[in-house]
Amino acid sequence: MTPNDIDACEAAAPAAAFTPKTYKSAAKPIWCPGCGDYAVLSSITKALAKLALPPEDVVVVSGIGCSSRIPAYTTCYGFHGVHGRALAAATGVKLARPELTVLVAGGDGDGYSIGGNHFLHACRRNVDLTYIVMDNHVYGMTKGQPSPTTEPDWDSKLAPGGTGVRAFHPLVIALASGANFVARAFSGDPNGTADIIAQAVRHPGFSFVEILSPCVTFRPEQRDWKEHTHPASVTVTHDPARAARRVMTDDGLNIGVLYAGSRTPYPLGPRGSPVPLAELEAEFAP
Ligand SMILES: Cc1ncc(C[n+]2csc(CCOP(=O)(O)OP(=O)(O)O)c2C)c(N)n1
Ligand code: SF4
């Protein structure tokens, strides 16, 4: 074949199809057998295939935890950073490269304990990111300590009799802080979760997807989520107060897109005219 023949063949070939496999790296996940995070990884790859996003146009950013291993298992660009700082790193990536799709992934310990403050301000800023939290109500990687979403009476070797401390409510916090899209998903429904993630990516601004993802090792009873999760009986609302009232009073197991807002996302281009550095230095000169 001459180079011209090759050009002609390429022109005639259909555009490269994106399948979930396109986004799966050769690295083999080391999660415990049965961990919910396997299915979340699969949902992320299905969502990206549905959106037909070239892997090189997607960045997956995480902190530390079993769930935060996700970037290594994808073919997208990845950043596995420090514990609780994934949202800060992701915000920097999006501001520097607004044309990229930025997903942030991690656990409830990473996102709501050490990263709690960053979570509030990411919701407030409303930068166009998709934040996926695999919530198993425990620190899996460090062997079973209670997390902010752990039930107060969960009895374990590390917290005998339970912590007695009320659980954090991530969806209400997200709504109160300004997240522009709020959904709850369940890892046991990978197709439904993929659909929710795809909607979250498409929605402008800060999208928050809380995924119930069982830790079968330290919370084996979470296998029962399969029997108890159910589709939300209400349709999505655009009113944050209404959404907050609903999630404050629901059973914590209803699945679906619960809120879709219309706040203007944080502007990604340059803002205002930069002040020359010399001028600023002069102001602070002794
Ligand atoms: C600054 C810092 N503090 C504490 C740790 C220890 N640490 C690693 S992962 C983790 C919690 C992980 O829990 P979660 O985010 O819920 O993820 P999971 O492992 O359950 O997926 C902690 C406390 C750390 N790596 N760095
Ligand atoms: S410890 Fe829990 S969260 Fe971590 S891989 Fe095992 S099952 Fe998953």
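In each ligand, atom 1 is the first atom listed, and ligand 1 is the first ligand listed. Counting begins at 1 with the first residue of the sequence. Note that the structure is a prediction, hence the values are computed from the model and not measured.
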Proximal protein residues to ligand 1, non-hydrogen atoms under 4.0 angstrom:
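Close residues (ligand 1, cut-off 4.0 Å): I64, G65, C66, S67, H83, G107, D108, G109, D110, I114, N136, V138, Y139, G140, M141, T142.
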Using a strict cut-off of 4.0 Å, indicate which atoms of ligand 2 neighbour a heavy atom of V216.
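The list of qualifying atoms is 7 (S).
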Apply ring-ring contact (aromatic ring centres under 6.0 Å, His included) to residues F208 and F119 and explain how you reach the verdict.
CA-CA 10 Å; F208 171 54; F119 176 49; 5.1 Å; yes
Report the C-alpha separation of E221 and R223 in whole Å, then their side-chain angles, then the decisive distance to 0.1 Å, and conclude whether the salt bridge (charged side-chain N to carboxylate O under 4.0 Å, His left out) test is met.
CA-CA 5 Å; E221 72 282 11; R223 290 179 189 272; over 6 Å; no
Within the 4.5 Å heavy-atom criterion, are [X] and [Y] side-chain neighbours or not?
| X | Y | answer |
| --- | --- | --- |
| K94 | D128 | yes |
| V104 | S62 | no |
| Y139 | S113 | yes |

So, F218 versus W154, ring centres under 6.0 angstrom or not?
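Between F218 and W154, the centre distance exceeds or equals 6.0 Å.
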Are W225 and H137 near enough that their ring centres are under 6.0 Å apart?
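Ring centroids of W225 and H137 are less than 6.0 Å from each other.
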In the protein, N/O/S atoms that are found under 2.8 Å from atom 4 (Fe) of ligand 2, waters not counted
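N, O, S partners closer than 2.8 Å: C66 SG.
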Donor-acceptor pair, side chain of [X] and main chain of [Y], under 3.5 angstrom:
| X | Y | answer |
| --- | --- | --- |
| E210 | V133 | no |
| R69 | H80 | no |
| N136 | C215 | no |

